[in-house]
Amino acid sequence: MKQENTEKRTKKVLSIILKLVGAIVLVIVLFFAIVFIVNLISSKSEEAKIQTYGQFVQVDGENMNVFVEGEGEETIVLLPGYGTAAPALDFKPLIEELAPFYKVVVVEPFGYGLSDHTEKERTTENIVYEIHEVLQTLDIDEYILMGHSIAGIYGLDYVNNFEDEVQAFIGIDTSVPTQGGMDEDLPITTFNLLRKSGLGRLVINLGDDPYETLPFDEDTKDQMRLITHKNLFNPSNLNEMKHFSSNFNEAQSLTFPDNLPLLLFIQENNVDVEGWVSLHEEQVSHSLHGKIMMFDADHYLHHTKSKKMVENMRVFLSETE
């Protein structure tokens with residue numbers, strides 16, 4: 001009799017445990033289903049709220065978005081740092097300072113801003129080719145190249161291929177081929193899962209608002225948020241991430257041309273990359289017209305230091321003419 005009662009109690013406990021496990025599994029499945037559906041609905045809704053800007057230029061059958069402002073005699077071509085959701089909006093403080101003196105052209109590479117995605121590998125060679133094709137289509141064949149962050153890697157290749165077109169290179173806390181940490185394996189599969197499942201949107205919404213304290217009007221901030229969700233971990237960006245190591249390694253054999261005016265604006269206290277200042281000092285040491293200017297600011301110098309940057313850039317360029 002005791003054994004029979006024990007067996008009944010055991011079966012009852014097991015039944016309760018199985019029901020609890022089943023309930024937990026059901027809750028988890030429902031959670032992921034809700035996150036997935038909310039992401040689909042939100043993405044569709046947000047797509048209609050995105051305001052267009054710039055103009056499309058076709059490259060290899062895909063549309064690349066380009067924003068142009070200002071009517072100066074000299075042209076500045078702006079290239080974004082990796083993962084910048086909406087480059088033409090992100091560069092707004094800098095564009096406002098440049099436009100009174102220059103024609104400013106912001107190129108949004110594939111996977112950025114309002115540009116299409118592409119199935120072409122995001123090698124430096126392909127990225128540089130596409131940017132040049134855009135400028136050729138717009139009949140822009142003489143310009144100052146100005147880029148942020150990873151544009152320092154693509155810019156190196158660019159100025160060596162089109163030295164007769166580029167009048168100067170201006171770096172905004174640009175990446176350096178020999179900086180540490182660029183050969184590490186990155187969780188690309190995880191990022192892809194975050195995008196497809198909708199968890200990426202959830203993580204962003206639960207975190208601090210990255211645009212809250214930035215010097216943009218509220219409408220611009222709203223647009224940047226919308227485009228951030230649109231472009232988050234998209235296939236083109238993830239493919240570019242996959243090529244980080246090879247793109248940085250290939251750039252190690254390059255230096256800026258000796259006679260090319262080279263001005264590098266950098267943050268003076270970069271705690272993430274060892275030897276940040278000395279890496280840039282090494283770059284300008286090869287240039288006959290090279291200079292570094294340091295700012296007490298974060299990686300996105302153009303958000304808070306645009307006025308000072310443009311003032312110093314204009315002096316530098318006048319001195320090197």
Side-chain angles (χ1 to χ4, degrees), residues 31-54 56 62-65 67 78-92 106-122 126-127 130 147-151 154 175 182 184-214 216 218-245 247 272 298-300 302-303:
F31 169 76
F32 281 105
I34 291 170
V35 169
F36 179 76
I37 293 170
V38 167
N39 184 57
L40 284 180
I41 295 173
S42 297
S43 296
K44 193 67 177 177
S45 172
E46 290 171 353
E47 189 176 339
K49 298 176 183 177
I50 293 175
Q51 300 168 6
T52 59
Y53 53 82
F56 286 132
E62 306 290 351
N63 288 321
M64 189 173 289
N65 194 52
F67 179 81
L78 286 175
L79 303 179
Y82 175 74
T84 301
L89 301 183
D90 185 76
F91 277 132
K92 191 173 182 180
V106 183
V107 179
E108 297 190 330
F110 289 132
Y112 291 70
L114 303 184
S115 294
D116 291 341
H117 302 310
T118 178
E119 294 184 1
K120 288 185 69 173
E121 295 295 314
R122 298 295 79 205
N126 287 340
I127 291 170
E130 291 157 4
H148 175 236
S149 197
I150 203 169
Y154 308 142
S175 302
M182 302 315 299
E184 297 176 0
D185 291 330
L186 297 169
I188 295 174
T189 302
T190 300
F191 291 144
N192 191 36
L193 177 62
L194 287 173
R195 173 179 173 80
K196 289 183 175 180
S197 66
L199 287 172
R201 175 187 294 275
L202 180 63
V203 170
I204 288 177
N205 290 340
L206 292 177
D208 295 331
D209 182 357
Y211 302 112
E212 184 177 2
T213 60
L214 297 185
F216 300 97
E218 288 306 315
D219 183 60
T220 301
K221 289 181 183 179
D222 287 340
Q223 288 298 305
M224 292 170 82
R225 293 182 187 105
L226 293 173
I227 300 174
T228 293
H229 287 306
K230 167 185 171 290
N231 288 331
L232 183 68
F233 301 138
N234 67 62
S236 296
N237 281 178
L238 290 183
N239 188 271
E240 185 179 355
M241 185 184 292
K242 185 183 79 172
H243 285 282
F244 274 177
S245 181
N247 286 343
D272 297 319
D298 66 15
H299 183 51
Y300 289 81
H302 52 281
H303 287 168

Hey, are the side chains of [X] and [Y] touching, using non-hydrogen atoms and a 4.5 Å cut-off?
X	Y	value
D272	H299	no
K120	R122	yes
V107	E130	no
I50	L114	yes

Set of residues satisfying ring-ring contact (aromatic ring centres under 6.0 Å, His included) with respect to [X], sequence neighbours excluded:
X	answer
Y211	none
Y300	H148, H302, H303
H117	none
H229	none

Side-chain donor-acceptor distances from residues 188-196 under 3.5 Å, at least two apart:
unit_1 : atom_1 : unit_2 : atom_2 : d
R195   : NH1    : K230   : O      : 3.4
R195   : NH1    : L232   : O      : 2.7

Partner residues of E62 under the salt bridge (charged side-chain N to carboxylate O under 4.0 Å, His left out) criterion, sequence neighbours left out = none
Test side-chain hydrogen bond (donor to acceptor under 3.5 Å, both in side chains) applied to [X] - qualifying residues, sequence neighbours left out:
X	result
N237	N234
T220	K92, D217
N239	E121

N/O donor-acceptor pair under 3.5 Å between E108 side chain and A88 backbone | yes
Do any N or O atoms from the side chain of T228 and from the backbone of A85 form a donor-acceptor pair under 3.5 angstrom?
->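 The answer is no, because no donor-acceptor pair under 3.5 Å joins these two groups.
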Thinking salt bridges, do K49 and D222 make one under a 4.0 Å N-O criterion?
-> no
Check the pair I37, I34 against side-chain contact (heavy atoms from CB on, under 4.5 Å), reporting the backbone distance first and the verdict last.
-> CA-CA 5 Å; I37 293 170; I34 291 170; 5.9 Å; no
Considering all heavy atoms of both residues, which atom of Y82 and which atom of M241 are nearest to each other, and what is their separation?
-> OH-CE, 3.4 Å
Shortest non-hydrogen contact from G111 to S236?
-> CA-CB, 3.8 Å
Measure the spacing between [atom1] of [X] and [atom2] of [Y] and express it to the nearest 0.5 Å.
X	Y	atom1	atom2	result
N126	E240	CG	CD	11.5 Å
T84	L89	OG1	CG	11.0 Å
E218	K221	CD	NZ	4.5 Å

Ring centres of F67 and F91 under 6.0 Å apart?
-> no
side-chain contact (heavy atoms from CB on, under 4.5 Å) between D209 and R225, worked out = CA-CA 9 Å; D209 182 357; R225 293 182 187 105; 2.6 Å; yes
Set of residues satisfying side chain to side chain contact (heavy atoms under 4.5 Å, CB included) with respect to [X], sequence neighbours excluded:
X	result
P109	P80, Y112
N63	F56, Q58, D116
K44	E47

Test side-chain contact (heavy atoms from CB on, under 4.5 Å) on L79 and Y154 and set out the steps.
-> CA-CA 9 Å; L79 303 179; Y154 308 142; 5.5 Å; no
